[in-house]
Amino acid sequence: MKQPRALKVPLAATISAALMATLLPLAPANAAPTATSTTEIAQTVSVDSAVQIAAKKIQRNPSKTDVFVNKKYPLSPKKYAPKTVAVKGTNVRLKSSAATAYSKMVKAAAKDGVHIRAVSGYRSYARQAELYNYYTRIYGQSYASKISAVPGTSEHQTGLAIDVGNRNSECGLQACFANTPVGKWVAKNAHKYGFILRYPKGQESVTGYSYEPWHFRYLGTSLAKSYKNSGAKTLEAYYGVAGSKSKDTSTKKSMGTAKTTANLNMRSGAGTNNRVLLTIPRGKSVQLTGSKKSGWYEVRYSSKTGWVSGKYLSNVSMPSTPKKKESSKDNKSKSTQAKSAKTTANLNMRAGVGTGHRVVLTIPRGKQVTITGSKKSGWYPVKYSGKSGWVSGQYLNNFSNSAPKSNSQKQKSSPKSSTKKTVANLNMRSGAGTNHRVVLTIPKGKKVTLTGSKKSGWYKVKYSSKTGWVSGKYLR
């Protein structure tokens with residue numbers, strides 16, 4: 001669907017200003033309060049026209065620079081293929097406008113002593129399908145969908161998205177990239193060249209993807225600067241389609257609702273001296289959290305929570321005694337006191353709380369881990385295969401108050417295993433054959449425990465807490 005550009009609507013802006021003059025104050029809504037005016041109505045004409053257009057219509061034409069695409073807004077046609085050019089000095093391809101803007105950004109960064117490297121750009125529908133299917137096989141669909149797009153819903157397919165990195169590949173495609181020279185520079189300056197950070201930290205429930213400080217989307221300088229100045233944390237919030245999780249929505253609805261009587265600023269606190277989080281359009285329904293202070297209500301709208309002036313709310317409905325959900329408390333207590341849990345995906349154990357820490361090992365899906373302490377910011381301290389570290393609680397279930405059986409306990413109930421000795425440095429593989437990946441290399445002269453399985457001359461063995469397959473030619 002074709003959408004007019006922001007600079008082509010002076011008449012609309014004029015009409016809007018004339019119509020709103022009877023309702024809105026002369027002072028901008030973002031101005032500091034004065035003795036004569038403390039209004040919290042957002043003045044439409046003071047907002048960049050691109051914001052107003054975006055709020056009314058989302059660009060769906062994949063050939064347009066401002067096309068919006070995510071999990072819920074797939075490309076149409078889904079196998080859309082743009083015309084692309086190679087980014088100067090690389091094999092990465094982008095649409096011409098994005099490639100030109102990227103080159104300008106690289107030159108500007110170089111002047112500041114920062115050297116940006118293009119890692120990945122345009123991907124075809126077929127290539128995206130290969131990647132998504134690969135991650136699904138490795139991690140399971142639930143986790144794969146957080147780090148890779150379903151083909152037909154990827155920004156990379158538009159030719160307008162690029163993954164960037166450091167010239168020395170430091171923290172490549174990792175959360176710690178944000179703290180590297182390139183990561184810091186692009187986060188601060190990319191919008192000046194038409195790019196925005198697309199999947200920011202803490203917005204996973206809105207974007208549907210894990211934090212990616214390396215992924216930038218080209219929107220054009222006008223729209224990128226407008227987005228930056230709006231204060232929106234995601235493109236979804238900017239376009240008003242952020243949504244919220246159903247369980248959160250039901251909780252907030254039970255506390256009450258109200259309707260805005262004007263374009264209304266949501267602020268970080270009760271009062272006009274607090275910063276504006278977003279502007280709620282006139283006539284929209286907001287969810288009341290139950291908190292009220294000096295005539296201001298704490299509300300939730302478009303996945304954001306903040307404060308609005310009660311003067312511009314109507315149909316306020318808020319029960320005096322909100323119902324308390326005991327089930328969430330019980331569940332929290334259960335997971336807090338648990339001694340073990342099971343992984344729901346191939347899960348990285350990290351050296352600390354958060355994806356910015358190094359990976360200690362990857363725990364296979366469906367394995368039981370021992371919980372060694374208290375939860376912190378949604379992460380659990382666990383022990384698995386002789387290693388200790390932290391894992392995300394999002395990928396744990398079947399919490400139990402009993403600890404997993406120790407190796408000694410398991411061995412008591414199992415038949416006595418036989419052993420053999422290696423006659424050479426021997427690769428343990430994930431399957432019976434040299435086409436399977438190497439799990440580890442067993443030094444010459446070491447004893448291995450046979451599990452009882454044999455296949456095509458290969459034995460399934462256990463060594464150094466790992467289990468895999470080795471060739472029987474090198475066992476005695």
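Taking each heavy atom of Lys88 and Ser103 in turn, the nearest pair found is CB-OG, 4.3 Å. Between Ser430 and Val439 the shortest heavy-atom distance is N-CG2, 3.7 Å. Considering every non-hydrogen atom in both Ser210 and Ile147, the closest pair reads OG-CG2, 4.0 Å.
A parallel orientation is assigned to the rings of Tyr139 and Tyr135, their planes being inclined by less than 30° (bins at 30° and 60°).
A donor-acceptor pair under 3.5 Å links the side-chain atoms of Arg93 to the main chain of Thr84, judged by distance alone. With Thr207 contributing its side chain and Tyr209 its backbone, the two residues share a donor-acceptor pair below 3.5 Å. Side-chain N or O atoms of Arg217 include none that pairs as donor or acceptor with a backbone N or O of Ile162 at under 3.5 Å. Distance alone, capped at 3.5 Å, is enough to place a donor-acceptor pair between the Ser145 side chain and the Gln141 backbone. Remark: the backbone N or O of Gly240 is not paired with any side-chain donor or acceptor of Ser302 at under 3.5 angstrom.
Aromatic rings from Tyr193 and Phe216 are positioned such that their centres are separated by 6.0 Å or more.
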Practice task
Verify side chain to side chain donor-acceptor pair (under 3.5 Å) between Tyr238 and Ser226, making sure each step is shown before the conclusion.
Solution key: CA-CA 10 Å; Tyr238 181 78; Ser226 176; 3.0 Å; yes
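With His215 as reference, Tyr199 is the one residue of Phe177, Tyr199, Phe195 to meet the ring-ring contact (aromatic ring centres under 6.0 Å, His included) rule. Looking at Arg123, Lys71, Lys95, Arg198 one by one, the single match for salt bridge (charged side-chain N to carboxylate O under 4.0 Å, His left out) with Glu155 turns out to be Arg198.
For the residue pair Arg300 and Thr305, a side-chain donor N or O sits within less than 3.5 Å of a side-chain acceptor on the partner.
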